Amino acid sequence: MNKIQSSLSEAVSQIKDGATVMIGGFGGSGAPLELIHALIDTGAKDLTIVNNNAGNGDVGLAALIREARVSKLICSFPRSADPKAFSERYLAGKIELEIVPQGTLAERIRAGGAGIPAFYTPTSFGTEVAEGKPVEKFEGRSYVQERWLKADFSIIKAFKGDAMGNLIYRMAGRNFNPLMAMAAKHTIVQVNHVVELGALDPETIVTPGIFVNSVVEVSNPQQEEILNREGAYYPPLNAPLSNNEAGA
Amino acid sequence: MNKIQSSLSEAVSQIKDGATVMIGGFGGSGAPLELIHALIDTGAKDLTIVNNNAGNGDVGLAALIREARVSKLICSFPRSADPKAFSERYLAGKIELEIVPQGTLAERIRAGGAGIPAFYTPTSFGTEVAEGKPVEKFEGRSYVQERWLKADFSIIKAFKGDAMGNLIYRMAGRNFNPLMAMAAKHTIVQVNHVVELGALDPETIVTPGIFVNSVVEVSNPQQEEILNREGAYYPPLNAPLSNNEAGA
Amino acid sequence: MSEQLNSIKLSNAQIAWRAAQDIEDGEYVNLGIGFPEMVAKFQPEGREAIFHTENGLLGFGQAPKEGEEDWDLINAGKKAVTLKPGASFFHHADSFAMVRGGHLDVAILGAYQVAQNGDLANWSTGKGGIPAVGGAMDLVNGVKKVAVITDHITKKGHPKLVETCSMPLTGVGCVTRVYTSLAVIDIKDAQFVLREKLADISMDDLQSFTGAKLHIENDVTDLIVPQL
Amino acid sequence: MSEQLNSIKLSNAQIAWRAAQDIEDGEYVNLGIGFPEMVAKFQPEGREAIFHTENGLLGFGQAPKEGEEDWDLINAGKKAVTLKPGASFFHHADSFAMVRGGHLDVAILGAYQVAQNGDLANWSTGKGGIPAVGGAMDLVNGVKKVAVITDHITKKGHPKLVETCSMPLTGVGCVTRVYTSLAVIDIKDAQFVLREKLADISMDDLQSFTGAKLHIENDVTDLIVPQL
């Protein structure tokens with residue numbers, strides 16, 4: 001069994017127009033920036049994206065949105081230091097937004113991965129976010145019924161991965177990544193380091209390989225915060241669109 | 001903050017008659033044998049116990065049941081190599097049994113810990129286990145509504161723990177332990193090793209201390225399988241009931 | 001006839017061997033406790049299945065030598081196992097997320113009865129005694145392909161493949177393939193479809209040991225297994 | 001009056017300081033992004049609260065020095081933080097299991113409006129623009145004690161403590177204590193109960209800046225905070 005792929009472009013090549021794609025990360029932390037850029041390069045459009053945020057600046061998810069590839073965004077917090085890409089398209093009515101409370105978003109994704117079609121949460125009861133959703137009382141308290149979230153693809157970032165797809169993460173970069181790995185038909189991971197089978201301690205593996213389809217190494221991943229401070233832009237201005245190779 | 005307690009008897013002293021107690025472990029693996037024995041020593045009775053099984057032989061949960069302390073058992077698989085203690089009381093009508101499919105049991109406990117009062121699962125649909133439970137269709141398939149499980153106390157076993165209650169487990173001894181830690185008002189843990197704060201890698205902690213109230217060190221815990229092969233019996237025959245001290 | 005049957009029918013090991021031939025390289029597999037555990041022994045050369053056990057372990061291997069057991073390293077049958085490279089531990093909720101969430105490719109389970117619509121009864125005889133369900137109801141409702149391995153008839157000579165289960169159900173319409181001591185049978189459109197049968201048993205005899213009609217779609221091939 | 005108010009009212013740091021005094025040793029605390037994050041600076045000597053951040057970290061400490069940020073080690077406000085001994089990382093579902101499951105002792109949040117029944121509005125002005133809820137609705141429905149820190153009135157001079165919220169709700173009946181720039185007010189039996197007020201403001205003036213009746217149960221003490 002070998003889930004390692006040699007290039008980013010190969011890893012994302014199955015993602016087609018109209019796909020639902022979960023993208024890991026919380027802001028820039030744990031965001032699979034190189035995979036997102038490779039997805040931009042494919043030209044795939046009319047995507048439904050699930051992410052906690054709506055991107056920042058002109059790279060990563062913000063660039064995917066700016067390039068008009070996203071028709072719907074499911075997220076909890078579409079604000080950032082520089083949310084221009086999303087804000088412009090949203091206020092122009094060019095992107096649909098489904099606002100989901102952050103914990104409900106996490107639980108809906110987990111439910112998708114765990115085969116739980118619906119669950120009840122106290123979150124959002126009595127607010128406009130709960131409008132139209134079934135409400136039920138348990139032990140005297142009212143709860144809102146929420147439904148699972150599943151995706152065609154998840155693109156996520158981990159720290160180390162092996163050929164079976166076992167993953168560990170780095171600090172708070174973990175966030176939504178292990179959940180999204182569970183909730184997609186096809187999960188694609190960029191890792192800082194591909195390691196030998198057996199190099200990861202079975203006790204400390206966070207995502208068992210059963211949830212992962214493809215692993216691609218990006219040994220020195222870029223960090224959204226740093227790119228944005230530098231005013232980076234993707235795709236690079238004055239450069240032709242080109243396939244992004246692994247490790248580039 | 002120091003959650004370390006000096007003795008097993010002190011750790012379980014708050015458990016009173018009529019309490020609901022989750023007990024970690026899958027068979028003997030990960031079972032907090034010394035805490036169970038300390039609970040037997042307290043004399044607490046009329047307990048509702050949540051465990052995957054119903055004990056084996058004459059030690060641990062089997063001994064707690066044999067000593068007539070358990071009025072109700074919630075479990076998935078009350079069979080074992082030597083289920084005499086449970087079988088006798090069950091067939092005599094002296095203990096109530098709620099059979100829950102294993103995955104549903106795990107999810108109900110997680111739901112209790114995660115503030116999810118109810119969820120839907122395909123498990124048990126169309127079977128007698130689902131009788132009386134609400135059924136709902138989602139996306140054309142029928143699912144059974146299951147409710148959360150919570151407890152007054154959880155007594156669990158981990159491998160290492162620190163003063164803040166952070167825990168790691170040992171191999172398949174993990175099983176229900178991290179879930180039960182979340183689902184009780186008061187969680188009591190026996191660990192093979194108490195370690196210095198900071199000695200556990202923040203990346204590899206399985207149970208963050210927020211879910212734990214008391215930690216007690218039992219440096220050479222007994223293993224149910226081995227005790228049963230030796231024909232062990234608790235409380236020891238021909239010995240007065242005595243408080244079990246930490247590390248004993 | 002029953003005596004004649006005993007002389008030709010497959011042993012449990014042979015049934016397990018036959019089931020193992022259908023497990024593809026790289027598939028994630030859960031084997032029910034008891035008889036189904038035997039399937040792991042017969043993985044075809046060059047194919048590597050990854051075995052899942054409900055108590056929170058993926059990628060376990062053979063039993064250790066006697067005396068080398070670690071009782072924290074067990075499978076759902078509470079038997080000591082070993083780790084293969086790439087194994088991982090996780091808690092019970094994550095373990096059943098794998099099961100219920102459709103991440104496992106194959107479950108191979110035992111059966112009291114299998115009905116022609118795929119209903120399975122394998123957890124309770126319904127005769128009193130002590131019920132015990134374990135993970136069976138999660139597996140049959142979650143795993144992509146649920147197969148059964150079983151003797152074709154009970155010890156008393158009653159069919160285990162039936163029109164309708166009389167025993168308490170484990171799951172509804174969940175089984176898609178049955179490996180018996182006499183045949184390999186698919187369940188398709190709520191019918192038993194015979195795929196393979198022992199050369200030494202006639203169609204009529206096989207039908208007489210089966211509690212519901214055996215349909216034939218294409219060729220029925222001989223069920224051939226090695227001596228084990 | 002508004003100008004006079006500006007000369008006596010507490011600064012944000014002082015409001016945060018006052019809120020910090022009510023956090024007990026060993027409590028698990030979530031601070032909303034922005035202004036509430038300031039509360040962490042004012043933990044009283046000898047008490048150690050453990051701070052939780054929604055993105056999957058328990059036990060974080062102060063911001064690192066500029067230039068020493070690790071952008072994988074951030075809080076929910078996406079600001080770089082550091083680790084204290086005993087910290088742990090976990091994924092988002094586990095993080096919100098802590099929140100929703102009632103494991104956190106205190107959440108301190110900002111507010112647009114707080115109603116006398118404890119309703120909170122702090123996520124949307126309801127005026128169009130781009131809605132963004134984040135973890136607020138989970139926190140207010142899950143954490144054992146939900147407190148608000150806020151200016152007593154808006155920049156335009158409207159009361160933020162009101163009979164009924166006119167802005168979209170974050171949660172129903174969830175707030176139990178409000179620390180404002182003028183007073184400390186509990187919410188009890190759907191009423192504002194005044195506990196502390198600045199010595200320099202009269203009861204009548206305080207009531208006039210408050211959109212619902214302030215009740216008095218026992219003594220109202222002076223709200224005393226240090227210069228910061």
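Quick caveat: nothing in here was measured; it's all calculated off a predicted structure. Throughout, protein chains are lettered first and strands after them, A, B, ... in sequence-line order, and every chain is numbered starting at 1.
- Per-residue counts of heavy-atom pairs under 4.5 Å with chain A were compared for T170(D), L169(D), I130(D), L83(D); the largest is that of I130(D).
- Residue with the most contacts toward chain A among A136(D), G56(D), P131(D): P131(D) (heavy-atom pairs, distance under 4.5 Å).
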query = Would I226(A) and W71(D) count as a side chain to side chain contact (heavy atoms under 4.5 Å, CB included) if you check the C-alpha gap in whole Å, the side-chain angles of each, and the deciding distance to 0.1 Å?
reply = CA-CA 9 Å; I226(A) 294 168; W71(D) 294 108; 3.9 Å; yes
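- Chain D forms more heavy-atom pairs under 4.5 Å with one residue of N53(A), N177(A), L105(A), V100(A) than with any other, namely N53(A).
- No more than 12 heavy atoms of other residues, nucleotides or ligands sit less than 6.0 Å from atom NZ of K160(A).
- Contact of I109(A) with chain D is not made at all, since no heavy-atom distance falls under 4.5 Å.
- Of residues 20-48 of chain D, those residues lying under 4.5 Å from chain A by any heavy-atom pair are I33(D).
- For a residue to count as touching a neighbouring chain, one of its non-hydrogen atoms must lie under 4.5 Å from one of that chain's; by this rule R229(A) touches chain D with the side chain only.
- Comparing E225(A), E107(A), R110(A) by how many heavy-atom pairs each has under 4.5 Å with chain D, the most go to E225(A).
- Of the listed residues (E224(A), R174(A), E128(A), R141(A)), the greatest number of heavy-atom pairs within a distance under 4.5 Å of chain D belongs to R174(A).
- For the atom pair CG (L120(D)) and OG1 (T127(A)), the distance works out to 11.5 Å, reported to the nearest 0.5 Å.
- Closest non-hydrogen pair, S29(A) versus I74(D), comes out as CB-CD1, 3.6 Å.
- Across every non-hydrogen atom of I99(A) and A132(D), the tightest pair is CD1-CA, 4.1 Å.
- Per-residue heavy-atom pair counts under 4.5 Å with chain D were compared for L97(A), N175(A), T121(A), and the maximum is reached by N175(A).
- For the pair N55(D)/F176(A), no side-chain contact is recorded, criterion being any heavy-atom separation below 4.5 Å from C-beta on.
- Interface remark: Y90(A) contributes side-chain atoms only to the contact with chain D (heavy atom separation under 4.5 Å).
- Between M137(D) and the choices S124(A), S76(A), P122(A), the side-chain contact (heavy atoms from CB on, under 4.5 Å) rule is met once, by S124(A).
- Comparing E54(D), E69(D), K78(D) by how many heavy-atom pairs each has under 4.5 Å with chain A, the most go to K78(D).
- For F86(A), the part lying near chain D is the side chain, with the backbone staying farther off; criterion is any non-hydrogen pair under 4.5 Å.
- For P78(A), the parts sitting under 4.5 Å from any heavy atom of chain D are the backbone and the side chain alike.
- Heavy atoms of other residues, nucleotides or ligands lying less than 6.0 angstrom from NZ of K94(A) number 12 at most.
- Neither the backbone nor the side chain of S142(A) comes within contact range of chain D; no heavy atom of the residue lies under 4.5 Å from a heavy atom of that chain.
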task = Evaluate the side chain to side chain contact (heavy atoms under 4.5 Å, CB included) criterion for residues M171(A) and L57(D): first the C-alpha distance (whole Å), next the side-chain angles of each, then the deciding distance (0.1 Å), finally the verdict.
result = CA-CA 8 Å; M171(A) 302 204 279; L57(D) 170 53; over 6 Å; no
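- For residues 89-103 of chain D, heavy-atom neighbours of chain A at less than 4.5 Å comprise F89(D), F90(D), H91(D), H92(D), A93(D), F96(D), R100(D), sorted by residue number.
- With values rounded to the nearest 0.5 angstrom, D70(D) atom CG is found 4.0 Å from R170(A) atom CZ.
- Of the listed residues P83(A), A172(A), A106(A), S87(A), the one with more heavy-atom pairs under 4.5 angstrom with chain D than any other is A172(A).
- The main-chain N or O of G103(A) is found under 3.5 Å from a side-chain atom of D138(D) such that the two form a donor-acceptor pair.
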query = Please walk me through it: do Q223(A) and D72(D) pass side chain to side chain contact (heavy atoms under 4.5 Å, CB included)?
reply = CA-CA 9 Å; Q223(A) 201 77 18; D72(D) 283 339; 3.2 Å; yes
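- Neither the backbone nor the side chain of V206(A) comes within contact range of chain D; no heavy atom of the residue lies under 4.5 Å from a heavy atom of that chain.
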